[in-house]
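Worksheet: one structure, shown below.
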Amino acid sequence: MAEQPESAQLWQRLRQFTNARIGLGRVGDGLPTKAHLAFQQDHALARDAVHAHVDFAALASTVQAEFPHILRLKSAAVDRASYLKRPDLGRMLDADSRQQLATLQSAPATIALVVADGLSAVAIERHAAPLLRLIKQQLSELGWSLAPLSLVEQGRVAIGDEIGELLGAELVVILIGERPGLSVADSLGIYLTYAPQRGRTDAERNCISNIHPQGLSYAAASELLVYLLGQARQRRLTGVGLKDERQRLSQPTNSSLE
Amino acid sequence: MTIYQHTIRQNRYQFDSLKTLLAKATPERSGDALAGLIAANAEERVAAQWCLADLPLTTFLNEVVVPYEADEVTRLIIDSHDQQAFAPIRHLTVGGLREWLLDYRTDSQQLAVVAAGITPEMAAAVAKIMRNQDLIAVAKKCQVITRFRNTLGLAGRFSSRLQPNHPTDDPQGIAAAIFDGLLYGCGDAVIGINPATDSPQAMTSLLHLIDELRQRYAMPVQSCVLAHVTTALQVIERGAPVDLVFQSIAGTEAANRSFGIDLALLNEANQAARSLGRGTVGNNVMYFETGQGSALSANAHHGVDQQTCEARAYAVARAFEPLLVNTVVGFIGPEYLYDGKQITRAALEDHFCAKLLGLPMGCDACYTNHAEADQNDIDNLLVLLASAGCTYVMGVPGADDIMLNYQSTSYHDIRFVQSSLGLRPAPEFEAWLQQLGIVDQAGLLIANERHRLLQSAAQLGGL
């Protein structure tokens, strides 16, 4: 492999200002082998994150103690290819899942928690269980009732609204894997909707995004979630009319891609 | 209403409108399937292509795909159609136009003459019955030259936008990426930053950052901060150093409204930027980005396929004589362009249609991580685009845009394609690169560990 020229040290120092791939060096017009393979590695991780399957059975048994009643649901997208090509199918339940919810005898609850794979299986596998525990603990302290926990395969954000509606919940909260970037493949997002029902738009939801070890911490995310849920119940809405108006306790977030 | 039809063996295919015919004739892509507009099978697609090939070009002046009364882009297309420019091709069908375009006798000069007589729908239609090689061969014959502080689009030239984005607009991080890119000979099309926040303050400070660098090194380049056009108008008012005004545009009035713009606003911005007179060799001041699928994603496509909607955006662009236009071809995601094959096809279509209509067309050859594509697809596309005479592509450090979270082409990629195909950057910029000792007379990079720009980079942050 190419030897390091003296400018390599300069670029190393400049990287404190940016995570961009600056100062990679060159061989002819091409990339040195190390920089080339580093890129390949990051793209491989992102691709695997998109195409991996979440082991929802394992997730269910991990959180069984906190969530005794767990529903296993599927979207109408039958596989990853149809999930990627047809966002509309990922936003609706398949017939069996809808039937399962329709026949469920459960009392109306304040909050319905939903977990969907979205675009990153690794985000769910790494972060869903610890976040669910933390959220559950904080909601229990407030005395808010919880609907059964829903785990959804091939789900997009809006599928939470259909689930929340069928469960008769006042609010739905969905934890979902975000689209992997080249630097972060395991980012998780949380979306919440007041009075969830099919046909709600993005403008009627709030989003807490960028939850991963280099981004927003579990504690900061669940604190912001509980704050937004409280405001949403008080003001009877979510979406563009509901903003994080705390005194900069944590970064406000805009809605982002799944 | 006219019924369009074609029979293959015993199967008679009927298409109830021009827009249906165009949609069914379009090579397969996920966005048209999502919209429910795609041909049911390959046979129906080719039947539509046969039918389209026999259609007289004058049809497009008599039947519009989006109603004239409901859409200012349609009104722009119809009202600005130049009958005199159209005269040499008036008698042709779509199939006849394909052959006329490929003919040896149809040269750059003739293509420039007819450009104002070709509507976006005609360009989209002929593209649908052209193979990739046809799209490349004809686009290569089109020459579109624009100028601000340098001259873009000359034969044998291939330019680049230096795209030094940063997730928090950190000026030192951005400057470091600019120095890096300049040392690879990138940036002659524009040094263009997508700001993380669309505010007048952020835009102004980034503009000053680039402008100071430009003046310090006497670079023959232009700058742009790709904020919303209304933000640009505000900072122009306050005296910020605005070279180019940027805006994303689409092919229907409703889609443009979803971007918060209309033709009147673009006209106001064009006039405002021109009035500053900051160009030295010319005064093309607008920079537009487009991309297939944007009208559908705004639910503003009127049942028109995404390639035809895209071509209509070029009618919007050419009304303002832009310095730069590029499609951001793989950014929108796999629900519109599924894989490397669809992205490649769309990029070549977009480049061809825009050049045919007389635009200085570049391409952001790119993909997201949930598309079935990788850097090899982008390498292939880059060679195809450069062969087609594409005006410019993006130069992103390491091809990884850490602000917009997608992968495009890198500083290295631009060097690769220039070297491999014998292409050079814009002449004024090339002379500057030689003067600064960045490239030699043959256009090769000169290794210099003590280059002036490296020493300047070392000053960042008081290091």
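As the structure is a prediction and not an experimental result, all values here were calculated from the model. Sequence lines set the chain letters: A, B, ... in the order given, protein chains first and strands last, and positions in each chain run from 1.
At a 4.5 Å heavy-atom cutoff, the contact between B/Ala371 and chain A is made by backbone atoms alone. Residue contact with chain A, scored on non-hydrogen atoms closer than 4.5 Å, involves the backbone and the side chain of B/Glu372 alike. Contacts between B/Ala373 and chain A at a heavy-atom distance below 4.5 Å involve the backbone alone (N, CA, C, O). Using a 4.5 Å cut-off between heavy atoms, B/Asp170 contacts chain A through its side chain alone, with no backbone atom that close. Contact of B/Thr368 with chain A is made through the side chain alone, with heavy-atom distances under 4.5 Å. Of the two parts of A/Ala81, the backbone and the side chain both hold a non-hydrogen atom closer than 4.5 Å to a non-hydrogen atom of chain B. Only the side chain of A/His51 comes within less than 4.5 Å of a heavy atom of chain B; its backbone N, CA, C and O stay farther away. Both the backbone and the side chain of B/Asp374 have a heavy atom closer than 4.5 Å to some heavy atom of chain A. If you measure heavy-atom distances from B/Tyr184 to chain A, the contacts under 4.5 Å come from the side chain alone. If you measure heavy-atom distances from B/His370 to chain A, the contacts under 4.5 Å come from both the backbone and the side chain.
Counting only heavy atoms from C-beta outward, the side chains of B/Pro164 and A/Ile22 never approach each other to under 4.5 Å. Residues B/Asp180 and A/Trp11 meet the side-chain proximity criterion, which asks for heavy atoms closer than 4.5 Å. Two residues are said to be in side-chain contact when any heavy atoms from C-beta on lie closer than 4.5 Å; B/Gln375 and A/His43 fail this criterion.
Without hydrogens or angle criteria, B/Asn405 side chain to A/Gly181 main chain gives no donor-acceptor distance under 3.5 Å.
In terms of heavy-atom proximity, B/Phe416 sits nearest to A/Asp29 at N-CB, 4.0 Å.
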